[in-house]
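See structure below.
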Amino acid sequence: MHAVRGYNPRTVVLERLSFMTIAIDFETYYSDTYSIDLFGPDGYCAHPQFDPYHISAYDGKPENGSPVFSYTGLPQSFPWERLNGADVVSHNARFDETVFLEMQKRNWAPKNVKPRSWQCTADLSVYLDAPRNLKGAALALLDVPPMDKTIRDRMKNKTPEMMRGKTGMMEEVAGYALKDAMYCWEIWDKYASQWPETERRVSQLNRDWGRRGVMVDTKLLAEYRGKLLEARFNAEKDIPWEWDPEKTPLAPKSLAIECRNAGIPCPGSLAVDDEECMAWENEYGDKYKWVGAMRDWRRSNILLKKIETLRRRVRTDGTFPFSLKYWGAHTGRFSGDAGFNMQNMPRNEVFGVDVRRLFIPRPGKKMLIADFSQIEARLLLWVAGDTKTLDAIRRGLHVYEAHAVNTMGYDSKRGPLKTTDPDLYKLAKARVLGAGYGCGGPKFVVVAKKMAGVELSLEQGVAAVKQYRADNPRIVNLWAKLNAGLLWSRGTEEKPQDYEIELQSGRSLKFYRVHTGTDACAYLERGGTRPVKLFGGKLCENVIQALARDVFVTNMLKLDDAGYQNMFHAHDEYVLEVEPDVDVKEVERIITTNPDWLSGCPLGAELMLTDCYKK
DNA sequence: GCTACGAGCGCC
DNA sequence: AAAGGGCGCTCGTAGC
C-alpha cells in the first residue's frame with residue numbers, strides 16, 4: 001500500500017485502463033450552520049458556502065501489471081479524465097456523486113467527464129447486513145481495526161485555509177481521506193459480486209430519483225407555515241410555566257412542579273393512547289389544559305419543523321430533492337433519510353395542514369399513486385400455503401371476506417361482508433391485520449382498535465386470538481417452523497450460530513450469533529452490538545415484510561423499464577409522475593404482475609390519478 | 001459538550 | 001410459556 005508522506009498531490013499512472021473501478025471520496029467544508037443535516041445533500045452542494053477542498057481516489061487492482069493509482073489532494077490537480085468511462089464507487093454515493101455533479105456545474109470539474117456508473121458501498125454494506133457507516137462496515141467486512149474518525153470532527157467549522165494553518169492537519173486529512181477511499185474500494189472489490197445486478201440498479205435509481213426530487217406547492221407551503229405557527233402559539237396560551245424562548249415548553253419537570261402546586265397528581269405518561277393519561281385527562285383535563293396543550297404544541301411543532309425543512313430545501317425551480325435510505329431496515333425495506341422522511345407523512349389533515357397536498361406533479365404532468373392491496377396479508381397466506389383462501393381472493397373476494405369465509409364460517413352468497421355484517425367484517429380485518437404474527441390477547445385489543453377500529457374487552461381479545469389460532473393452523477405452523485429453525489440454529493452459549501432463512505425470492509434473511517439469554521436472541525447486523533429477542537411470530541413477520549419488499553422492488557424496476565417516472569414510494573405505494581393521458585390499466589397490469597418466484601398468489605393494487613399526493 | 005436512549009408521534 | 005413487526009425525527013435527560 002502507498003504511504004502518504006505529504007499533502008502534495010501525488011499521482012501514479014502508467015496507463016489508463018478502461019472500465020476501471022475507482023473509489024472516490026470528497027472532503028467538503030461544513031459547520032454548525034452549514035451542513036448536510038440542515039440542507040440535505042443537494043442543498044448543501046448547491047449552497048454558496050460549498051467547498052469541496054479535497055478529493056481522494058483509489059484503484060487498488062494492479063491489472064495488466066500496472067501500478068495502483070491513488071490520489072489524495074486538491075481537486076484542482078486531480079486527473080478527472082480517470083473517471084471518464086470508469087466505474088466509480090463511493091461510500092455514500094448519494095453525497096459524492098452530487099458533489100461531483102455540482103463541481104461540473106460550476107466548472108470546477110470538466111463537464112465532458114462521464115463515469116460509466118457510480119455505485120455505493122454504503123448501500124452494498126447494508127445489503128450484506130453490515131453497518132452503513134464506513135467505520136463499522138470496514139470492521140465487519142474487511143476485518144480491519146476500527147478507524148479513527150476523530151479528525152472528521154476536528155474538520156468541522158474549519159475552512160481548508162484554517163487547516164493548512166495548523167501544522168500537520170492537512171496531512172492528517174489527506175491520510176484519513178485516502179484510507180476512506182481505500183476501504184471503500186476494498187469493500188467493493190471483495191463483495192460486489194454478492195450484490196445482484198437488480199439490487200445495484202435499485203440503489204442507483206433510488207439516488208437518481210431523490211436527486212431529481214418532487215415538485216412542491218410553495219404557495220401552500222407558506223400558508224401552512226402560518227397555520228402551524230398559529231397552532232403552536234395557541235397551544236402556548238394554555239401552558240402556564242415559563243420556558244426559555246429559544247427552547248420548548250415540553251420539560252416534564254415543569255409539568256410535575258405545576259401539578260404539585262395545583263395539588264393534583266402528575267400523569268406518568270403524556271401519550272395519547274396511554275390509559276393512565278386518558279384517565280388523568282378525564283379527571284382533570286377540563287380544568288387543567290396543560291397536558292392537551294403540551295400535546296398540541298408537540299404535534300404542531302413537529303409538523304412545523306417538517307415545513308421548515310421543506311422551505312429550506314426547495315430549489316428555485318420549485319422541486320424538493322430528498323433521500324430514501326436503500327435497505328434502511330434489515331428486511332430490505334427502504335427508510336427515511338437525511339432529515340426528511342418521505343415515508344411517514346400524516347394521512348389526514350391536522351391543524352388545517354395536509355402535508356401530502358404539498359407534493360404535486362410537475363407542470364403538465366399528473367401524479368399516479370398506486371398501492372398494493374393488503375400485500376403482506378396475501379403473502380402470509382401464500383407462504384403458509386392457505387390455497388383455499390387465496391383461491392377465494394382470486395375469485396374476487398376481498399382479503400378480509402375471504403378470511404371470514406374460510407375461517408369464520410361466513411357464507412359469501414349472503415353478499416359483501418362489509419355491508420351484510422359490518423361487525424364481523426371489522427373483526428375479520430382485525431384478525432387478518434393483527435393476529436397473523438403471534439400477537440397475544442392484550443396486544444390484540446390495542447392492534448384491533450388501531451387497525452380496524454374494533455373495540456374489544458380483554459376477554460374478547462384473548463378469545464379472538466385463541467380462535468384465530470385454532471382457525472388458521474397453517475399460519476401457526478409456520479411460526480412453529482420458523483421458531484424450530486431458530487432453536488435448532490442457536491448453537492450453544494459458548495458458540496452461537498447464525499440463523500439463515502432462505503426466502504422464496506432468492507435471498508436470505510440472516511440472524512447473527514443466535515444465543516440464549518432468557519429468550520433466543522440474535523444480532524440483526526454482522527458484528528452487531530444490540531441483540532434482539534426472537535420468536536416464531538416475529539420471524540414470520542420479518543419474512544413476510546422481506547418478501548413484500550422484494551415484490552415491490554421487482555415491479556418498481558418493471559415500471560422503470562416501461563418508462564414510468566417514479567418520484568418516491570412508501571413500502572407498498574408507488575408515487576409516479578405521468579402524462580395526463582397515461583394508461584392506468586397498463587400501470588396496474590405491471591404492478592400486479594407476479595415475480596417469477598411468486599406463483600399462485602393473487603396480487604391487487606389500487607390506483608389513483610391525481611394533482612397532488614394524498615391518501 | 002457530546003452521545004445514547006427513551007418517549008412521543010408519524011407512517012406502512 | 002408467550003411474545004405482532006419495520007422505520008425516522010424532535011425533544012429531554014442521563015451519563016460520560
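Please read these numbers as outputs of a predicted model, since none were measured by experiment. A note on names: the letters A, B, ... follow the listed sequences, proteins ahead of strands, and every chain is numbered from 1.
No side-chain donor-acceptor contact under 3.5 Å links A/Asp337 to the backbone of A/Lys325. With hydrogens and angles ignored, the 3.5 Å screen pairs a side-chain donor or acceptor of A/Lys538 with a backbone N or O of A/Lys533.
Nearest-nucleotide mapping onto DNA chain C: of A/Lys305 and A/Lys538, the residue sitting toward the 5' end is A/Lys538. Nearer the 5' end of DNA chain B, as judged by each residue's closest nucleotide, is the contact made by A/Arg530, out of A/Arg298 and A/Arg530. Annotation: of the two residues near DNA chain B, A/Gln545 and A/Ile302, the 5′-most nearest-nucleotide partner is A/Ile302.
Between A/Asp386 and A/Arg378 there is no salt bridge, since no side-chain N of the basic residue sits under 4.0 Å from a carboxylate O of the acidic one.
Under a cut-off of 6.0 angstrom, the local environment of CZ in A/Arg513 is crowded, with over 12 non-hydrogen atoms contributed by other residues, nucleotides or ligands. Residue A/Lys510 places its NZ atom among more than 12 non-hydrogen atoms of other residues, nucleotides or ligands, all under 6.0 Å distant.
Relative to the axis of its first five pairs, the axis of the last five pairs of the helix from B/dG1-C/dC16 to B/dC12-C/dG5 sits at 10°, rounded to 10 degrees.
Using a 4.0 Å heavy-atom criterion, one finds that A/Arg549 contacts no nucleic acid atom at all. A/Gly536 comes within contact range of no nucleotide atom at all, as no heavy-atom separation falls under 4.0 Å. If you check every strand for non-hydrogen atoms under 4.0 Å, A/Phe340 touches sugar and phosphate atoms only. Within 4.0 Å (heavy atoms only), A/Ala338 reaches sugar-phosphate atoms of the nucleic acid but no base atom. If you check every strand for non-hydrogen atoms under 4.0 Å, A/Lys615 touches sugar and phosphate atoms only. Note on A/Asp519: a base of the nucleic acid sits closer than 4.0 angstrom, heavy atoms only. When heavy atoms are screened at a 4.0 angstrom cut-off, A/Met451 is found touching base atoms of the nucleic acid. Residue A/Gly332 is classed as having no contact, given no heavy-atom separation below 4.0 Å to the nucleic acid. Among the heavy atoms of the strands, none lies under 4.0 Å from A/Thr309. A/Lys247 comes within 4.0 angstrom of nothing in the nucleic acid, heavy atoms only.
Residue A/Arg347 has no polar side-chain atom (N or O) positioned under 4.0 Å from OP1 or OP2 of B/dG10.
Between the P atom of B/dG10 and the CG atom of A/Leu304 lies a distance of 15 Å, rounded to the nearest Å. Separating the CD atom of A/Glu541 from the P atom of B/dC12 is a distance of 15 Å, rounded to the nearest angstrom. The CG atom of A/Asn301 sits 14 Å away from the C1' atom of B/dG10 (whole-angstrom rounding). Between the NE2 atom of A/His569 and the C1' atom of B/dC11 there is a distance of 15 Å, given to the nearest Å. Atom-to-atom, CG of A/Asn344 to P of B/dC11 comes out at 8 Å; the value is rounded to the nearest Å. Nucleotide B/dC12 holds its C1' atom 14 Å from the CG atom of A/Leu379, rounded to whole Å. If you measure from atom CG of A/Asn348 to atom C1' of B/dC9, you get 14 Å, rounded to the nearest angstrom. If you take CG of A/Leu303 and P of B/dG10, they are 8 Å apart, rounded to a whole angstrom.
Taking the six-membered ring for Trp and the full ring otherwise, A/Tyr224 and A/Phe351 have centroids separated by 6.0 Å or more.
The two atoms that bring A/Asn92 and A/Ala122 nearest to each other are N-CB, 3.7 Å, heavy atoms only. Taking each heavy atom of A/Tyr512 and A/Leu128 in turn, the nearest pair found is OH-O, 4.0 Å.
For the residue pair A/Arg549 / A/Thr331, no side-chain donor-acceptor distance below 3.5 Å is found, with atom types taken as modelled.
Counting only residues at least two apart or on different chains, the salt bridge (charged side-chain N to carboxylate O under 4.0 Å, His left out) pairs with a member in residues 470-489 of chain A are A/Arg431-A/Asp471.
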- request: Report the C-alpha separation of A/Arg490 and A/Tyr499 in whole Å, then their side-chain angles, then the decisive distance to 0.1 Å, and conclude whether the side-chain contact (heavy atoms from CB on, under 4.5 Å) test is met.
  value: CA-CA 7 Å; A/Arg490 72 184 172 189; A/Tyr499 178 30; over 6 Å; no
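Close approach of DNA chain C to chain A, defined as any atom under 4.0 Å from a non-hydrogen atom of the protein, starts and stops at C/dA2 to C/dT13.
For B/dC12, its base sits under 3.5 Å from the side chain of A/Arg333 at one donor and acceptor pair at least.
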